[in-house]
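Note sheet for the following structure.
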Amino acid sequence: MLHLASQSPRRRELLARLGLDFGILEVDVPEHPAPGEPAEDYVRRVAREKAGAGLLRLIGQPAAVVLGADSEVVLGERIFGKPVDAEDAAAMLRALSGREHRVISAVSVVSAAREAQAVSVSQVTMAHLDEAMIARYLDSGEWRGKAGAYAIQGRAEAFIPRISGSYSGIMGLPLHETATLLRQFGLLSPMASSTRGQRTP
């Protein structure tokens, strides 16, 4: 049985597209980079810790497989987490305005017997945002709980003239890499359909 160690509605939606039944696990993993920790190492670590924390909740279920993921917006070497308030979100959007940044998404899949991980790195170009555009976006509330203070699958898609990489990875779960990992665990066949949804434990 597959379990998603995430409360993110976006990750639930994306994982359901692979046509698998899966349970949902709520995990509490600190998301703070260590001093000097490179962005990709940080994203890898958090994804692994989420998956591991989920597996610990399923002791006694030897067939359990847990998927954990993390995505971060990175400008240069600066990691943009989730904004704490509207002022923080506005500062992030001003910093990203008119520039190219990376979105790093890591996926970890673990069971009692094995562990595997994959990483997707996408390049995202954001158009110039004036103060009126930022204010309207903040009013929408869409920035809440989003790394980098934007959601590419929502209104902010109008701010993005170009991406290079994985659209689903920018949303929070790179589906190609995820499907590849799940095939390694025997949970997904090469011709898996997408007609089934999710269920909670």
Side-chain angles (χ1 to χ4, degrees), residues 1-27 29-34 37-58 63-75 77 79-82 100-124 146-148 151-153 160 163-194 196-198:
M1 175 66 181
L2 177 65
H3 298 265
L4 174 64
S6 175
Q7 291 295 299
S8 166
R10 299 178 306 283
R11 292 197 177 106
R12 295 185 196 184
E13 173 195 342
L14 288 165
L15 186 57
R17 293 179 188 179
L18 297 180
L20 293 169
D21 286 329
F22 57 91
I24 303 296
L25 295 171
E26 184 174 353
V27 296
V29 172
E31 297 187 35
H32 305 290
E37 185 176 23
E40 185 170 322
D41 291 353
Y42 166 66
V43 177
R44 284 180 176 272
R45 175 174 62 80
V46 172
R48 186 179 300 112
E49 289 177 356
K50 288 178 180 179
L55 191 63
L56 284 175
R57 297 191 54 195
L58 298 172
V65 178
V66 179
L67 186 152
D70 188 55
S71 297
E72 299 293 343
V73 170
V74 182
L75 179 65
E77 294 304 317
I79 301 171
F80 288 68
K82 298 171 184 176
E100 183 179 86
H101 61 270
R102 290 177 291 157
V103 176
I104 304 174
S105 292
V107 182
S108 285
V109 181
V110 300
S111 68
R114 63 182 299 186
E115 173 183 351
Q117 188 177 70
V119 175
S120 167
V121 181
S122 301
Q123 304 289 332
V124 180
K146 308 296 193 303
I152 194 171
Q153 73 277 14
I160 310 296
I163 70 169
S164 176
S166 169
Y167 186 86
S168 58
I170 298 168
M171 282 182 64
L173 188 69
L175 285 184
H176 173 75
E177 288 79 1
T178 298
T180 299
L181 291 176
L182 295 179
R183 288 188 184 102
Q184 293 175 18
F185 282 74
L187 295 174
L188 193 66
S189 68
M191 298 301 291
S193 70
S194 56
R196 301 168 68 190
Q198 66 182 48

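Along the sequence shown, residues are numbered consecutively beginning with 1. The model shown is predicted, which means the values in this text are computed figures rather than measured ones.
Here the CG atom belonging to Leu15 is positioned 8.0 Å from the CG atom belonging to Leu175, to the nearest 0.5 angstrom. The OG atom of Ser111 lies 11.5 Å from the CG atom of Leu58; values are rounded to the nearest 0.5 Å.
Looking only at distances, a side-chain donor or acceptor of Tyr42 sits under 3.5 Å from a matching main-chain atom of Glu31. Put simply, the side chain of Arg10 gets close to the backbone of Met171: a donor and an acceptor are under 3.5 Å apart. The backbone N or O of Gln184 sits less than 3.5 Å from a side-chain atom of Arg114, completing a donor-acceptor pair. Without hydrogens or angle criteria, Arg44 side chain to Val119 main chain gives no donor-acceptor distance under 3.5 Å. Although no hydrogens or angles enter the test, the distance criterion places no donor-acceptor pair under 3.5 Å between the side chain of Lys146 and the main chain of Ala151. The backbone N or O of Ala34 sits less than 3.5 Å from a side-chain atom of Glu37, completing a donor-acceptor pair.
Between Gln123 and Arg102, the side chains place no donor N or O within less than 3.5 Å of an acceptor N or O (distance only, hydrogens not considered). Counting only N and O atoms by type, the side chains of Ser8 and Ser6 include no donor and acceptor under 3.5 Å apart.
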Problem - Derivation of the side chain to side chain contact (heavy atoms under 4.5 Å, CB included) call for Ile170 and Ser122 - result: CA-CA 7 Å; Ile170 298 168; Ser122 301; 3.8 Å; yes
Exercise for the section: Take Asp21 and Leu2 through the test side chain to side chain contact (heavy atoms under 4.5 Å, CB included) and record every step on the way to the result. Expected result: CA-CA 7 Å; Asp21 286 329; Leu2 177 65; over 6 Å; no
Practice task
Might you work through the side chain to side chain contact (heavy atoms under 4.5 Å, CB included) test for Leu67 and Leu181, ending with a clear yes or no?
Solution key: CA-CA 10 Å; Leu67 186 152; Leu181 291 176; over 6 Å; no
Problem - Check against side chain to side chain contact (heavy atoms under 4.5 Å, CB included), Arg12 and Leu4 - result: CA-CA 8 Å; Arg12 295 185 196 184; Leu4 174 64; 4.0 Å; yes
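A salt bridge is absent between Glu26 and Arg57; no separation between the charged side-chain nitrogens and carboxylate oxygens falls under 4.0 Å. Glu40 has no carboxylate O lying under 4.0 Å from a charged side-chain N of Arg45, or vice versa, which leaves the two without a salt bridge.
Checked options Thr180, Val121, Val107; the residue passing with Pro174 is Val107 (criterion: side chain to side chain contact (heavy atoms under 4.5 Å, CB included)). Ser108 pairs with exactly one of Gln117, Glu115, Arg48 by the side chain to side chain donor-acceptor pair (under 3.5 Å) rule, that one being Gln117. Checked options Lys50, His3, Gln7; the residue passing with Leu25 is His3 (criterion: side chain to side chain contact (heavy atoms under 4.5 Å, CB included)).
Closest approach of Gly169 to Val103, counting heavy atoms only: O-CG1, 4.1 Å. Contact record, Val110 with Ala51: CG2-O, 3.6 Å, taken as the closest heavy-atom pair. The two residues Gly81 and Glu72 make their nearest non-hydrogen contact at CA-OE1, 3.7 Å. Counting all heavy atoms, side chain and backbone alike, Ala47 lies closest to Ala106 at CB-O, 3.6 Å. Of all heavy-atom pairs between Ala116 and Phe185, the closest is CB-CE1, 3.9 Å. Nearest heavy-atom pair, Lys82 versus Ala147, reported as atom, atom and distance to 0.1 Å: CG-N, 4.0 Å.
At least one side-chain heavy atom of Ile152 sits under 4.5 Å from a side-chain heavy atom of Tyr167.
Partners of Thr178 under the side chain to side chain donor-acceptor pair (under 3.5 Å) rule, at least two apart in sequence or in another chain, do not exist in this structure. A search for side chain to side chain donor-acceptor pair (under 3.5 Å) contacts involving Gln153 returns nothing, not counting sequence neighbours. With sequence neighbours excluded, the residues forming a side chain to side chain donor-acceptor pair (under 3.5 Å) with Ser105 are Ser71, listed by chain and number.
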